[in-house]
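One is the number of the first residue; the rest follow in order along the sequence.
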Amino acid sequence: MTIYNFSAGPAVLPGPVLKKAQEELLDYQGSGMSVMELSHRSSLFEDIITEAENLLRKLMDIPENYHVLFLQGGASLQFSSVPLNLAQNKKALYVNTGSWAKKAIAAAQAIPSVNTKVIASSEDKNFTYIPQITKDQIDQDASYLHITTNETIGGISYQEIPDTGRVPLVADMSSNILSNNYQVKDFGIIYAGAQKNIGPAGLTVVIIRDDLLNEQSLFAPMLDYRVQADSHSMYNTPPTFSIYMAKLVFEWLQDLGGVSQMVKYNQQKSGLLYDAIDRSNLFQSPVNKKDRSLTNIPFLTASDQLNQEFINAAQRQGFENLKGHRSVGGMRASLYNAFLLTGVERLVDFMQEFEKAHGGD
């Protein structure tokens, strides 16, 4: 039985990437060593991390005045790193769009020297839409405005990036990096956990503009962007195997035609599922149409009991990890870059069969 993995993360990886990693696992380029055994100071690994950065720069059209950092700690560590580096004794602005935005806000609020202010929220409608942000809402003396470009749990995403004036825009892009058409130059900092669209868990990518590197050293070097940039992501031993896997994913993505082609593919996948939901008399989407995510799609029936029945039946057919987050309920299909169109087609067929069996037209 074919397994279709709809996990929100760690998520499905491209088949060709896994195959290549398997082929090179025991002996990387004739070294007699696995990548997991290579010294991070070796020329072989230096080539890996350099090529990974070059590929990412090309894929995302990253300007020369931005640093690319390969770090650890997940996006969650960046929730603290961003305000510590940018906003001590300053004001930091946030938009509250759901679970991950709330965690970023809480981390900033825990730092006494940071004046944290939430300027907009969609909590009034259970985070089912993206609040409108205008430049006049943004204090131009603030150190940054933070957004979560895609809420993995709620299934909402920014279709347009707000104009922040001279205030740097900081984005947690963990669940839609490399699957959107955003422009890096519109952001001061982009950060993303790797385990959705980049590679296995353990790696965090940070893209930061030169002028945002802190001038004064932090008390914690591992959280200090300037230290990490000056050390070329090697202040300590980096997550070597995860970086290697990311490089393979970047190569795979480049071979497919880059981010622009992946956006079209994701639109095709998500469009197929959204169309099925919208046509259905049994399933519905809780998300405002214009703010729907391409990568994380929640849907539900009229009852928790029927939701669970669908999840159980789907699992028996090889559809794994479809259960929605407890704060939303129902089901959630995560369609990251590596998830195949075939899997969406099979899910739609199953949804239609399930609906017919439960009295649908």
Problem set entry | Side-chain touch Pro83/Thr116, heavy atoms, less than 4.5 angstrom | no
Closest non-hydrogen contact found for Val170 with Tyr191 is CG1-CE2, 4.1 Å
Gln317 and Met1 have their tightest heavy-atom pair at C-SD, 3.5 Å
For Tyr4 and Thr342: C-alpha separation, side-chain torsions, deciding distance, then whether side-chain contact (heavy atoms from CB on, under 4.5 Å) applies. CA-CA 9 Å; Tyr4 297 103; Thr342 304; 3.8 Å; yes
ask   = Donor-acceptor pair, Gln159 side chain versus Arg292 backbone, under 3.5 Å?
value = yes
Between Tyr274 and Asn296, the two heavy atoms sitting closest are OH-O, 4.1 Å
Sidechain-backbone polar pair: Thr50 side chain, Asp47 backbone, donor-acceptor under 3.5 Å:
no
Any donor-acceptor pair under 3.5 Å linking the side chain of Thr204 with the backbone of Gly74? yes
Residues Glu24 and Gln29: side-chain donor-acceptor under 3.5 angstrom | no
Is it true that atom CG of Asp139 has more than 12 heavy atoms of other residues, nucleotides or ligands lying nearer than 6.0 Å? yes
Is it true that Ser233 and Gln228 share a donor-acceptor pair across their side chains at a distance under 3.5 Å? no
In the single-linkage hydrophobic clustering (I, L, V, M, F, W, Y; side-chain heavy atoms under 4.5 Å), do Ile243 and Ile207 co-cluster?
yes
**Message:** Any heavy-atom pair between the side chains of Leu178 and Ile198 that's under 4.5 Å?
**Reply:** yes
Distance col, row Leu26:CG vs Met36:CE, nearest 0.5 angstrom, shows 8.5 Å
Review point. Taking the side chain from Glu151 and the backbone from Trp100, do they hold a donor-acceptor pair closer than 3.5 Å?
Key: yes
Here the pair of heavy atoms bringing Thr97 nearest to Ile156 is O-CD1, 3.4 Å
Pairwise side-chain contact, Tyr336 with Phe6, heavy-atom cut-off 4.5 Å (strictly under) | no
**Distance-only polar pair, side chains of Asn65 and Asp210, donor-acceptor under 3.5 Å** = no
- Task: Look at the side chain of Asp27 and the backbone N and O of Ser31, then say whether any donor-acceptor pair between them is shorter than 3.5 Å.
- Result: yes
Task: Side-chain touch Gln284/Phe299, heavy atoms, less than 4.5 angstrom - done: no
Could you check whether Phe350 and Phe310 have their ring centres less than 6.0 Å apart? yes
Query raised in the report: Do the ring centers of Phe241 and Phe45 come within less than 6.0 Å of each other?
Result: no
- Message: Looking only at the side chains, is there a donor atom on one of His232 and Glu53 sitting less than 3.5 Å from an acceptor on the other?
- Response: no
**Request:** Start with the C-alpha gap between Leu59 and Leu253, add the side-chain angles, then the distance that decides, and say whether side-chain contact (heavy atoms from CB on, under 4.5 Å) holds.
**Result:** CA-CA 8 Å; Leu59 286 167; Leu253 185 52; 4.0 Å; yes
Below 30° counts as parallel, above 60° as perpendicular, anything between as tilted: where do the rings of Tyr244 and Tyr28 land? perpendicular
Check: Do the side chain of Asn85 and the main chain of Asn214 share a donor and acceptor less than 3.5 angstrom apart?
Finding: no
**Prompt:** Taking Ser122 for the side chain and Pro131 for the main chain, is one N or O donor matched with an acceptor at less than 3.5 Å?
**Reply:** no
Quick note, side chain to side chain donor-acceptor pair (under 3.5 Å) partners involving residues 162-183, not counting sequence neighbours, are Asp141-Arg166, Thr149-Asn176, Asn150-Ser175, Thr152-Ser175, Asp172-Ser174, Asn176-Tyr182, Ser179-Asn197
Salt bridge Arg226-Asp224, side-chain N to carboxylate O under 4.0 Å: no
Q: For the residue pair Phe250 and Asn54, establish whether any side-chain heavy-atom pair is separated by less than 4.5 Å.
A: no
Side-chain heavy-atom pair Arg57, Val68 within 4.5 angstrom cut-off:
yes
Practice task
State, with a plain yes or no, whether a side-chain heavy atom of Leu282 is found less than 4.5 Å away from one of Leu306.
Solution key: yes
Report task. Establish whether Met173 and Ile105 are linked, either directly or via other cluster members, by ILVMFWY side-chain heavy-atom contacts under 4.5 Å. Result -> no
Are Ser280 and Glu355 close enough, and set up right, to give a side-chain contact (heavy atoms from CB on, under 4.5 Å), and what steps lead you there? CA-CA 8 Å; Ser280 171; Glu355 182 167 353; 2.7 Å; yes
* Test item: Ser34 side-chain N/O and Leu25 main-chain N/O as donor-acceptor pair under 3.5 Å -> yes
Quiz item: Side chains of Thr134 and Gln132: is there a donor and an acceptor less than 3.5 Å apart?
Solution: no
Heavy-atom closest pair (Leu55 atom, Glu251 atom, distance to 0.1 Å) is CD1-CG, 3.5 Å
With Ile297 as partner, the option from Val344, Leu273, Val287 fulfilling side-chain contact (heavy atoms from CB on, under 4.5 Å) is Leu273
- Same cluster for Leu218 and Tyr144 if Ile/Leu/Val/Met/Phe/Trp/Tyr side chains link at under 4.5 Å? no
- With hydrophobic residues grouped by side-chain heavy-atom distances under 4.5 Å, do Ile111 and Val118 end up in a single group? no
Return yes when atom CD of Gln140 has more than 12 non-hydrogen atoms of other residues, nucleotides or ligands closer than 6.0 Å, and no otherwise. yes
*Side chains of Tyr129 and Asp124: is there a donor and an acceptor less than 3.5 Å apart?*
yes
- prompt: Do you reckon Ile177 sits in the same ILVMFWY cluster as Met245, going by side-chain contacts under 4.5 Å, direct or chained?
  reply: yes
- With no hydrogens and no angle check, is any side-chain donor or acceptor of Gln72 less than 3.5 Å from a backbone partner on Thr237? yes
Taking every heavy atom of Gly343 against every heavy atom of Phe319, the minimum-distance pair comes out as O-CE2, 4.2 Å
Considering only heavy atoms from C-beta outward, does the side chain of Lys117 approach that of Leu93 to under 4.5 Å? yes
task: Could you verify whether a donor N or O on one side chain and an acceptor N or O on the other, from Thr301 and Asn307, lie under 3.5 Å apart?
output: yes
Is a donor on one side and an acceptor on the other found under 3.5 Å between the side chain of Ser42 and the backbone of Leu38?
no
Exercise. Apply side-chain contact (heavy atoms from CB on, under 4.5 Å) to Ile161 and Leu169, showing your working.
Key: CA-CA 9 Å; Ile161 297 303; Leu169 183 61; 3.1 Å; yes
Interatomic distance, OG@Ser260 vs CG@Asp61, rounded to 0.5 Å, equals 11.0 Å
